Amino acid sequence: MTQSLIFDMDGTLFQTDKILEVSLDDAFERLRSEGKWDEETPIEKYRGIMGVPLPKVWEALLPDHSLEEREQTDAFFLERLIQNIRNGKGALYPHVQELFSHLKENGFSLYIASNGLIEYLNAIVDYYALDQWITETFSIQHIESLNKSDLVRHIVEKYEITSGAVVGDRLSDIHAAKDNGLISIGCRFDFAREEELAEADVIIEGLLELKMLFPAKKQGIK
């Protein structure tokens with residue numbers, strides 16, 4: 001039986017959309033107040049590129065701005081994301097804690113592998129006390145290549161994982177599983193795309209389905 005499960009964070013465990021757009025609007029309102037932006041917040045454009053590393057986001061959203069201005073906007077955006085998490089404006093997907101308790105009680109080792117930045121991930125883990133179940137949280141910042149497959153490989157090698165699954169909503173999660181000989185479980189959640197999910201070994205509509213995929217172990221007779 002699979003003993004290790006590696007979870008994506010955004011769009012898999014954490015409902016990023018609850019704080020994403022308000023934080024992005026905060027960042028562009030700051031630019032407007034400085035006279036560096038005079039249009040609406042490009043939320044639709046952001047949705048189209050969601051999931052790419054943040055430097056690429058700002059290249060796309062602020063193509064005519066300097067590198068310094070992009071970096072300042074990036075830093076402010078991160079501040080707003082973290083503050084909104086700490087203010088309770090975000091939310092986990094339903095049943096995360098119930099699922100984690102079930103898995104932990106039945107001997108599974110749980111990890112997080114995310115494209116999110118370290119400080120952002122720590123804010124989520126701390127606010128929702130996920131570290132009572134999660135062995136370790138890994139950010140893409142831990143990997144020079146910024147490649148999700150390499151990040152998962154780092155976890156596999158560090159913890160000597162021989163069998164397991166990667167649970168996520170995007171193609172990078174599915175490829176990260178396959179590239180490391182793990183089962184890929186695709187989440188048909190907010191940011192998922194059908195053409196990407198088609199490559200997953202298993203597709204789920206909700207996290208509680210994992211309790212059926214990884215049921216409680218039968219207790220032996222003592």
Side-chain angles (χ1 to χ4, degrees), residues 7-94 96 112-128 139-141 146-148 167-176 186-198 203-207:
F7 289 85
D8 175 45
M9 178 66 88
D10 293 320
T12 299
L13 298 176
F14 185 68
Q15 297 186 58
T16 318
D17 57 326
K18 289 186 177 294
I19 62 167
L20 203 58
E21 294 183 4
V22 65
S23 300
L24 191 69
D25 204 37
D26 288 344
F28 276 86
E29 183 58 38
R30 179 173 176 271
L31 288 171
R32 280 188 283 267
S33 71
E34 296 174 346
K36 297 176 181 178
W37 189 261
D38 58 4
E39 302 175 33
E40 292 185 359
T41 302
I43 289 174
E44 287 302 323
K45 190 171 184 179
Y46 184 73
R47 287 174 180 162
I49 59 173
M50 195 174 296
V52 303
L54 279 173
K56 297 293 183 183
V57 168
W58 303 116
E59 285 179 20
L61 300 187
L62 300 172
D64 299 322
H65 289 65
S66 68
L67 177 61
E68 182 181 7
E69 288 170 332
R70 291 176 194 162
E71 289 176 344
Q72 289 173 350
T73 302
D74 183 38
F76 182 76
F77 178 61
L78 180 61
E79 286 177 14
R80 295 308 305 152
L81 282 173
I82 291 171
Q83 194 57 53
N84 283 324
I85 291 166
R86 291 173 176 165
N87 287 342
K89 293 184 178 180
L92 298 176
Y93 279 95
V96 168
I112 290 172
S114 171
N115 283 335
L117 302 182
I118 294 170
E119 190 177 358
Y120 165 74
L121 295 173
N122 287 344
I124 297 172
V125 170
D126 290 347
Y127 187 83
Y128 297 101
S139 162
I140 201 68
Q141 284 181 293
L146 301 181
N147 182 282
K148 194 70 168 283
V167 183
D169 65 319
R170 299 307 301 270
L171 191 60
S172 60
D173 303 304
I174 295 168
H175 284 173
C187 302
R188 189 177 274 125
F189 297 173
D190 296 315
F191 305 122
R193 297 178 180 177
E194 287 302 315
E195 66 273 17
E196 297 183 359
L197 290 177
I203 298 174
I204 60 173
E205 307 283 345
L207 290 172

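Residues take their numbers from the sequence shown, with the count starting at 1. Please read these numbers as outputs of a predicted model, since none were measured by experiment.
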Atom pair CG (Asp169) and CD1 (Ile203), whose distance is rounded to the nearest 0.5 Å: 12.5 Å
Test side chain to side chain contact (heavy atoms under 4.5 Å, CB included) applied to Pro94 - qualifying residues, sequence neighbours left out: Gln15
Contacts of type ring-ring contact (aromatic ring centres under 6.0 Å, His included), residue Phe14, not counting sequence neighbours: none
Lys45 (side chain) donor-acceptor with Ala60 (main chain) under 3.5 angstrom: yes
For Glu71, side chain to side chain contact (heavy atoms under 4.5 Å, CB included) partners two or more places apart: Leu67
Which atom of Pro42 lies closest to which atom of Trp37, heavy atoms considered: CD-CZ2, 4.0 Å
Listed partners of Tyr120 passing ring-ring contact (aromatic ring centres under 6.0 Å, His included), at least two apart: none
Heavy atoms from other residues, nucleotides or ligands near CD of Glu195 exceed 12 (cutoff 6.0 Å): yes
Nearest atoms (heavy-atom pairs only) where Gly11 meets Thr16: N-OG1, 3.4 Å
Contact list for residues 14-27, test salt bridge (Lys or Arg N to Asp or Glu O under 4.0 Å), sequence neighbours left out: Glu21-Arg47, Asp25-Arg32, Asp26-Arg80
Residues in salt bridge (Lys or Arg N to Asp or Glu O under 4.0 Å) contact with Glu69, at least two apart in sequence or another chain: Lys36
Which residues share a side chain to side chain contact (heavy atoms under 4.5 Å, CB included) with Ile140, sequence neighbours left out: Asn115, Leu146, Leu151
ring-ring contact (aromatic ring centres under 6.0 Å, His included) against Tyr128, all qualifying residues, sequence neighbours excluded: none
With sequence neighbours excluded, residues passing side chain to side chain contact (heavy atoms under 4.5 Å, CB included) with Glu59: Lys56, Arg70
Heavy-atom closest contact (Ser139 atom, Gly116 atom, distance): OG-O, 2.7 Å
Minimum side-chain heavy-atom gap Thr73-His65 below 4.5 Å: no
Nearest heavy atoms of Asn84 and Ser23, plus distance in Å: ND2-OG, 2.8 Å
Atom pair CZ (Arg188) and CZ (Arg193), whose distance is rounded to the nearest 0.5 Å: 15.0 Å
ring-ring contact (aromatic ring centres under 6.0 Å, His included) against Phe191, all qualifying residues, sequence neighbours excluded: none
Closest non-hydrogen atom pair, Ala192 against Cys187: CB-O, 3.3 Å
Spacing of CG belonging to Asp173 relative to CE belonging to Met9, to within rounding of 0.5 Å: 12.5 Å
Nearest-0.5 Å distance, CG of residue Leu24 to CD1 of residue Ile43: 6.0 Å
Gap between atom CG of Leu121 and atom CG of Asp126 - 0.5 Å precision: 10.5 Å
Nearest-0.5 Å distance, NZ of residue Lys148 to OG of residue Ser172: 4.5 Å
pair Leu117-Leu81: side-chain heavy atoms closer than 4.5 Å: no
Nearest heavy atoms of Ala123 and Ile82, plus distance in Å: CB-CG2, 4.0 Å
Close side-chain approach of Tyr127 and Leu92, heavy atoms under 4.5 Å: no
Residues forming a salt bridge (Lys or Arg N to Asp or Glu O under 4.0 Å) with Asp10, sequence neighbours excluded: none
For Glu40, salt bridge (Lys or Arg N to Asp or Glu O under 4.0 Å) partners two or more places apart: none
Aromatic ring pairing Phe77/Tyr46, orientation class (parallel under 30°, perpendicular over 60°, tilted between): perpendicular
Side chain to side chain, Ile124 and Leu13, heavy atoms closer than 4.5 Å: no
